[in-house]
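In what follows, a structure is listed as structure tokens, so that the remarks can point back to it.
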Amino acid sequence: MKLKISDPSTGMTKMVVVEDENRLRSFMDRRISDEVEGDSIGDEYKGYVFKITGGQDKSGFAMKQGVAAATRVRLLLARGSLGFQVWRGREGERRRKSVRGCIVGSDLSVLCLTVVKKGESELPGITDTVKPRTHGPKRASKIRKLFNLSKEDDVRKYVIKREKKVAKGKTVLKGIRVQRLITPDRLRRKRRVAKRSEERKRASKAAKAQYNSAFAKKSEKKETTH
């Protein structure tokens, strides 16, 4: 079985082949999202704790969370769910598709793991190397949360940029456009919209008062004539 181990803190992923199935006994009959100690895999994994995030069987069918089975089953799935791509079919259509249950078994070919707790030694290609992030959050509040910024800091200076080749031998730094960014221009437009709304309300109230007074005068004139 192959173990696809990834470390979110470094951004690295590595495929490890384990020939001896006895070393994987601690993963058997476990489910997706369970945390398992990695001591049984080998001495280099001593102290590590892994979280099961998914996998595939030998035919390529992916494990689906919530399906309490250690075999392949056929389910009626909606578009966009695991096993039924969103670009297939029509809107509202459901199809019966085959998916693998969420319980780990010996029929799996790949098991996806995530490092939850780091052990004593470094894992080559996983924890000893840090891969720089090529994409970051777009929303201003999430950028502040990522870099622990205050509201006074300019989030545009903390946008994660990546190199992009635009011509032969020429590269430029490309970054995202910050969403939900509160700038002085945005505040000025907001005040202008609020001012126009208040002016319309006052004009509407004045027109209503003028109509009511004219209607009252007309009613009094009718009463006096009759």
Side-chain angles (χ1 to χ4, degrees), residues 3-16 31-36 38 45 47-56 62-66 77-88 91 102 110-198:
L3 298 179
K4 187 179 179 182
I5 304 174
S6 60
D7 189 358
S9 61
T10 60
M12 299 297 295
T13 303
K14 186 178 181 181
M15 191 80 73
V16 180
R31 302 190 179 194
I32 293 179
S33 74
D34 284 354
E35 295 183 0
V36 184
Y45 300 96
Y48 279 86
V49 177
F50 299 103
K51 181 180 180 181
I52 302 173
T53 57
Q56 290 183 351
M63 299 174 67
K64 186 176 178 63
Q65 177 70 289
L77 303 176
R79 291 176 64 207
S81 58
L82 183 67
F84 188 12
Q85 292 91 338
V86 69
W87 53 270
R88 294 184 183 273
E91 184 178 356
C102 66
V110 180
L111 186 64
C112 300
L113 306 175
T114 301
V115 177
V116 177
K117 181 183 177 183
K118 191 176 179 180
E120 300 175 356
S121 60
E122 298 283 350
L123 296 179
I126 302 176
T127 60
D128 60 345
T129 307
V130 178
K131 184 179 180 181
R133 297 184 59 166
T134 57
H135 294 75
K138 296 178 67 176
R139 193 178 300 176
S141 59
K142 293 188 176 181
I143 296 176
R144 291 192 187 96
K145 184 179 179 181
L146 178 63
F147 294 101
N148 195 18
L149 304 176
S150 63
K151 289 189 176 181
E152 289 75 20
D153 296 326
D154 189 2
V155 296
R156 290 172 289 188
K157 297 179 181 179
Y158 295 87
V159 172
I160 297 176
K161 297 183 179 181
R162 63 186 185 277
E163 290 187 355
K164 184 177 181 181
K165 189 176 181 180
V166 294
K168 188 175 181 180
K170 183 180 180 181
T171 57
V172 295
L173 288 176
K174 188 173 179 64
I176 53 93
R177 182 180 178 184
V178 181
Q179 303 294 318
R180 302 188 184 181
L181 181 63
I182 304 300
T183 60
D185 292 338
R186 174 73 182 108
L187 295 175
R188 187 177 68 252
R189 288 195 296 268
K190 191 174 181 180
R191 289 193 297 267
R192 185 173 60 193
V193 171
K195 184 179 179 181
R196 289 178 179 176
S197 178
E198 288 295 329

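Please read these numbers as outputs of a predicted model, since none were measured by experiment.
Thr53 places a side-chain N or O within 3.5 Å of a backbone atom of Cys112 that can act as its donor or acceptor partner. Under the 3.5 Å distance criterion, the side-chain polar atoms of Thr171 are left unmatched by any main-chain donor or acceptor of Glu163.
Between Ile160 and Gly136 the shortest heavy-atom distance is CD1-CA, 3.8 Å. Smallest separation of non-hydrogen atoms from Gln56 and Met63: N-CG, 4.4 Å. Heavy atoms only, all atoms of each residue included: Leu146 and Pro137 are closest at CD2-CD, 3.7 Å.
Residue Leu113 is tested with Asp7, Leu3, Val36, Val49 for a side chain to side chain contact (heavy atoms under 4.5 Å, CB included); the sole match is Leu3. Partner of Thr127 under the side chain to side chain contact (heavy atoms under 4.5 Å, CB included) criterion, out of Lys14, Met12, Lys118: Lys118 alone.
Relative orientation of the Tyr45 and Tyr48 rings is perpendicular, given thresholds of 30° and 60° on the angle between their planes.
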Test log, rule side-chain contact (heavy atoms from CB on, under 4.5 Å), inputs Asp128 and Leu123: CA-CA 6 Å; Asp128 60 345; Leu123 296 179; over 6 Å; no

Verdict with supporting geometry, Val116 and Phe50, side-chain contact (heavy atoms from CB on, under 4.5 Å): CA-CA 5 Å; Val116 177; Phe50 299 103; over 6 Å; no

CA sep, side-chain torsions, deciding dist, call: Thr13, Ile5, side-chain contact (heavy atoms from CB on, under 4.5 Å): CA-CA 6 Å; Thr13 303; Ile5 304 174; over 6 Å; no

side-chain contact (heavy atoms from CB on, under 4.5 Å) between Val178 and Ile143, worked out: CA-CA 9 Å; Val178 181; Ile143 296 176; 4.2 Å; yes

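Contact of the Ser33 side chain with the Gln65 side chain is registered, since non-hydrogen atoms from C-beta on lie closer than 4.5 Å. Taking 4.5 Å as the limit, every side-chain heavy atom of Lys161 sits out of range of all side-chain heavy atoms of Lys174.
More than 12 heavy atoms of other shown residues, nucleotides or ligands fall within 6.0 angstrom of atom CZ in Arg144.
In this structure, the separation between NZ on Lys51 and OG1 on Thr114 is 7.5 Å, given to the nearest 0.5 Å. Of the inter-residue distances, the one linking Lys190 atom NZ with Arg188 atom CZ reads 14.5 Å to the nearest 0.5 angstrom. Atom-to-atom distance recorded for Gln179:CD and Lys142:NZ is 11.5 Å, nearest 0.5 angstrom. Going from atom CZ of Arg88 over to atom CZ of Arg79 covers 11.0 Å, rounded to the nearest 0.5 Å.
Looking at Asp185 and Thr183, their side chains never bring a donor and an acceptor atom within 3.5 Å of each other.
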